[in-house]
Amino acid sequence: MSRRLLLPVTLLAVAALLGSACTSRSQPPQGSQGGTLRLAYLADMAQADPDVFYDIEGNTVILSVYEGLLKYKPDSTEIIPSLAEKWEVSPDGLTYTFHLRTGVKFHDGTAFNAQAVKTSFQRRLDVGAAPAYMVQPIASMQTPDATTFVVRLKHPVAPFLHYLASSWGPKMISPKALTDHAGKDHAQTWANEHADGTGPFQLTAFERGQRYELTRFDGYWGQKAHLDKVEIRIIPDIGTQRLQLQSGDLDAILHSFPQAELESAKSNPDLQVRDFSSFLNNILYLNTNKKPLSDPALRKALAGALNRDSLVKEVYGPYATPSTSTYPSGLLDPALAPVAYPPSETKAPAGTGKLTFAYTADDSGVHRRLAELVQQRLAAAGFSVTIKEVQLPQVFEYVNDLQAAPDMVMQTNTPDGAHPDMWARIEWYSTGGLNYLGYKSPQADRLLDKALETTDTATADRLYGQAGKILAQDTAIIFVADPRDVMVLRKNLTGVEHVPNYPWALNLAVLQKG
C-alpha cells in the first residue's frame, strides 16, 4: 500500500500554487461568538476527499469536518464511540455489529443512518485509493434497521476496530452529496475540494494554494464548537509562520517549529510550547540488497557507531528519547521486540567504499542535523558517507531499482493506527508501502500474517514481537528516536486536546480562544 508520511511538504506547496479554486457551500451559521482561530499549513493538503486523503498536512480539516464510527480517546490508544454508540464483536472475530447514534445530521441536512454508513464504506471500496485497505477485508455489509450496521469479514483482522478509529479510517459522507455529484468517478472531482460530513465544522472555503475556511456547524449532534471559524492559510516558509505567530497574526504552529528556537518561544510570555505523546518514529533504513550493507556484521557495526543517546539528545533535546523497540513507543511492550545498539569497536573494513545517505527534507531542519551528525559519527568509525537531501517522491522510487538506491535513507514516520500491525505491515512487510529499500524476511511476513488473524491479543502481541525481533537481529532498520509531537501556541488558547495517532492535529471542537 502507498501512503502518507511525515512529509517534506514544500514540494506539494509549489505544485499547489499552480492552480486555485474557491468554493463556498453556505452562509456561516449563526451562534455564539467564539472568534476565529488562525492556523497555517506549510503546503496544501493534497485534497479534501477522505477516501483518498493519506497525508499528515490536512488532518485538522478532515477530523473537523468528517467523523467515523469510532475514534481514539485523547492522549490514549483507547477506542471510544463516535458515530457508533456501542458495538459487539463475534467470538470468531468475523462479525462486527455497530449501534449508531440517532439525531445526527450531515451538513446538508441529510439524516445519518445505517444506509449512509454502508454507502460510505462502499464508496471507499469503489474509489480504491490507498486507505481502501481498511475496508477490503469486508465480505458483506447489512443494515437490519436504521440504527444498526453489521459487517462480516472474510477473515479475522486484529486491528479492524483501529482501522475505524484511524484518522485515515472510513469517514461518513452525505449520501445525497455523493449522489448529486457522482459523475463518473464516485464524486471524487467534487470531494477533492468540497466536503459534506457530520463533524463540528463545515468546510466553507477551499482556495488551493491560499487558504481554507472552517465554519462552526450549529446542527452538530454533540457539544457545539466554541470557535466561530477556523482560517488556515498556506504559508510555505516556517520562518514567516514564526514571525506571524509572534505578532499575533497566527494562533498556533502545529509542527516543524525549529528545535533551536523552542527555548526562545518558551520564554515569550505570549506563547506556550506544548509537547504530546506520539507514535512518531525517526528511523534509518539500510539497503540490505547490495554491498557493502548486504553484510549483517557491517550493519551492526554501523548501528553501534551512531551513539544514539548523545545523538538524540543533541538534536531533539528533551523532546525525544532513543527508541527502545522496533515499534513506536506505546504500540507494543518494548520487551517483546527490543532494540539496543552497543558501542561498536569494529572499524569499517578497508575497501568498504563510500556510503550514500539520503534524508527527506523537513522544514524543522531536524533531518539535516541528524544526517550531519550521523555522517560525523560514521566517519570516526572509518566509514566514508556522502549525504544528500531528497524529496519524498524520489524515496518511493528506490524500491524499483535497489542497486541504484542509496545505502541509507532517513525518514520520520507514523503508523496508520494505534496497533502494532498498522506499523509493521507498512514498514518492513515485504510489500509494505514504506519499505523503501526492499527488506524481505519471509519468516517475519508469516508471523505478521498469523498475528493479523489472531483474535487473542496476548498471542498476537507475541507474534508481532517475534517479527520485530527478526528485524532487529537483521539490523535492516536502525530505530533512532521516538520524538514528541511539539506545537507552539498563543498563550490564550485553552481546551488543548491531542491524540497520539492524530499527528499535527488538535481537536478544534473543544479549543477555545480567550
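Here the structure is a predicted model, which is why all the values come from computation and not from measurement.
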*Distance (rounded to the nearest 0.5 Å) between I173 CD1 and R123 CZ*: 4.5 Å
*asked:* Distance alone, cut at 3.5 Å: any donor-acceptor contact between the side chains of E57 and H255?
replied: yes
*Gap between atom CZ of F257 and atom CG of D363 - 0.5 Å precision*: 13.0 Å
*Do N413 and E427 have a side chain donor and acceptor closer than 3.5 Å?*
yes
_CG on L332 to CG on D421, rounded to 0.5 Å_ = 11.5 Å
*Go through the side-chain N and O atoms of D482 and T321 and say whether any donor and acceptor fall under 3.5 Å apart.*
no
*Checking side-chain contact (heavy atoms from CB on, under 4.5 Å) for the pair D270/R490: CA distance, chi angles, key distance, verdict?*
CA-CA 6 Å; D270 297 323; R490 299 289 298 178; 3.8 Å; yes
*May I ask you to test the Y212-I234 pair for a side-chain heavy-atom distance under 4.5 Å?*
yes
*Which word best sums up how the rings of H181 and H194 line up, parallel for under 30°, tilted for 30 to 60°, or perpendicular for over 60°?*
parallel
*Taking atom types as modelled, is there a side-chain donor on D485 or H498 under 3.5 Å from an acceptor on the other?*
yes
*Lys/Arg cation over aromatic Y429: R425, 6.0 Å, 45° cone*: yes
*Among residues two or more places apart or on two chains, list those pairs meeting side chain to side chain donor-acceptor pair (under 3.5 Å) that have a residue in residues 156-167.*
Y72-H162
*Please list, chain by chain and in numerical order, all residues satisfying salt bridge (charged side-chain N to carboxylate O under 4.0 Å, His left out) with D251, sequence neighbours excluded.*
K513
